[in-house]
Amino acid sequence: MGLIIEKASKIDLEDKRDNFYFEKRLDTTDEWIRKRTGIKERFISHTPLSEMATDVALKLNLSQEERERIKILIVSTIGGDYIVPSLASYVHGKLSLPQEVLAFDINMACSGFVGASILCETYLKENELALVIGAEKLSDFTDMADRSTAIIFADGAGAVLYKKDSSKFYKDLGTIFDSKNLTLKRNSYLKMNGREVFKFAINEVPKSIKKLLQESCLKDEDIDIFLLHQANERIKNSVEKHFKGYFYSNIETMGNTSSASVAMSLGDLYEKNILKDKKILLCGFGGGLNYQTCIVRG
């Protein structure tokens with residue numbers, strides 16, 4: 001399927017905040033949050049994002065041979081610890097990867113990990129490896145007094161080691177420019193028009209998935225796991241109605257971790273030994289507004 005998941009990992013954070021944490025601080029309830037988002041709890045990090053990205057990469061336990069075969073390293077994030085150097089450069093150094101590795105960050109918000117996966121497939125030659133990381137510390141950009149965002153966004157990081165094979169790679173992507181519905185200005189907080197982002201997702205995501213299935217000559221039943229960005233349980237449920245198949249979800253315990261969500265989900269599935277020999281359809285969507293969809297194999 002173009003990209004094979006060799007390994008995957010997710011970070012484990014300790015500061016868990018359930019909905020009752022917000023009941024005490026905001027005009028909200030556990031029932032209200034669960035009904036509108038599907039979230040019961042989420043995690044907050046107290047370590048720098050550079051350390052989170054490095055730690056989750058180290059959890060892959062890369063062999064020396066694997067390190068030498070990596071040709072590209074991409075970290076998807078909306079904001080690292082520094083403007084320069086990039087998180088990717090930091091991780092590259094901490095992992096002692098070869099000098100010839102192309103390492104850079106991308107900011108595509110919630111669709112970033114899937115976009116980075118598509119990018120690395122284009123760059124790789126057969127049997128070469130790519131390290132793709134989604135790492136976000138959204139608590140740095142979230143106004144904890146704003147009910148519309150505080151109950152949704154969380155911190156996390158996930159990493160995937162991909163191998164390029166000789167089969168055809170299928171992808172679909174697009175951008176619909178929007179500067180109003182999901183924004184983060186410098187020295188400010190995340191702002192989101194949840195209603196409009198919801199409309200965008202339930203309209204564009206099913207169309208993208210259907211287009212990709214048609215181009216790949218695959219039926220719904222041929223996909224073992226549909227894995228969407230973990231934005232909102234209602235979005236997943238709405239998209240799921242269009243297809244026959246298993247839609248994975250962990251938003252209940254992880255919240256919305258932006259571009260880390262798909263990577264963390266793959267890490268969770270890999271740790272449970274569920275990915276092997278599976279066809280997995282990945283779809284990220286969000287800030288931009290944009291969507292990225294592709295099929296990979298476990």
For [Y], does its backbone N or O pair with a side-chain atom of [X] as donor and acceptor, under 3.5 Å?
X	Y	value
D81	S50	yes
D55	M52	no
N290	T175	no
E23	D30	yes
D18	K40	no
D224	K279	yes
S111	G284	no
T77	G79	yes
R69	N127	yes
S238	R234	no

Are [X] and [Y] linked by a side-chain donor-acceptor pair shorter than 3.5 Å?
X	Y	answer
Y162	S117	yes
Y248	D268	yes
T293	D172	no
T257	E136	no
S139	T142	no

Is it true that [X] and [Y] make a salt bridge, defined as a side-chain N closer than 4.0 Å to a carboxylate O?
X	Y	value
E41	R17	no
R34	E31	no
E204	K207	yes
E66	K7	yes
E128	K164	no

Nearest 0.5 Å, please: how far is [atom2] in [Y] from [atom1] in [X]?
X	Y	atom1	atom2	answer
L281	Y246	CG	OH	14.5 Å
M144	F153	CE	CZ	10.5 Å
S216	K211	OG	NZ	12.5 Å
L269	M264	CG	CE	12.0 Å
C294	I118	SG	CD1	5.0 Å
L161	L62	CG	CG	6.0 Å

Could you tell me whether the side chain of [Y] reaches within less than 4.5 Å of the side chain of [X], counting heavy atoms only?
X	Y	result
I74	D105	no
L213	K210	no
S259	C110	no
N232	I39	no
Y291	S208	yes
L73	L95	no
E233	T37	no

Tell me whether the centres of the aromatic rings in F226 and F243 are closer together than 6.0 Å.
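Ring-ring flag for F226/F243: true, centres closer than 6.0 Å.
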
What's the shortest heavy-atom distance between [X] and [Y], and which atoms?
X	Y	answer
L275	I225	CD2-CD1, 4.2 Å
Q230	S265	CG-OG, 3.9 Å
A154	R42	CB-CB, 3.5 Å
S258	I78	OG-CG2, 4.2 Å

Please report the C-alpha distance between D165 and R297 in whole Å, then the side-chain angles of each, then the deciding distance to 0.1 Å, and finally whether the salt bridge (Lys or Arg N to Asp or Glu O under 4.0 Å) criterion is met.
CA-CA 10 Å; D165 75 358; R297 189 170 78 243; 3.3 Å; yes

Please say yes or no: joined through hydrophobic side-chain contacts below 4.5 Å, possibly via intermediate residues, are M108 and V75 part of one cluster?
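Different clusters: M108 never reaches V75 through Ile, Leu, Val, Met, Phe, Trp or Tyr contacts under 4.5 Å.
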
More than 12 foreign heavy atoms under 6.0 Å from CD of E14: is that the case here?
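No, CD of E14 has 12 or fewer neighbouring heavy atoms, counting only those of other groups under 6.0 Å.
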
Give the intermediate values and the outcome of salt bridge (Lys or Arg N to Asp or Glu O under 4.0 Å) for residues E271 and K59.
CA-CA 11 Å; E271 290 174 3; K59 284 191 68 177; 3.8 Å; yes

State which residues pass ring pair (Phe, Tyr, Trp, His ring centres under 6.0 Å) with F285; sequence neighbours excluded, sorted by chain then number.
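Checked F285 against ring pair (Phe, Tyr, Trp, His ring centres under 6.0 Å); matches are H229.
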
Kindly confirm or rule out a cation-pi arrangement of R147 over F22, judged by NZ or CZ under 6.0 Å from the six-membered ring centre and within 45° of its axis?
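No cation-pi geometry.
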
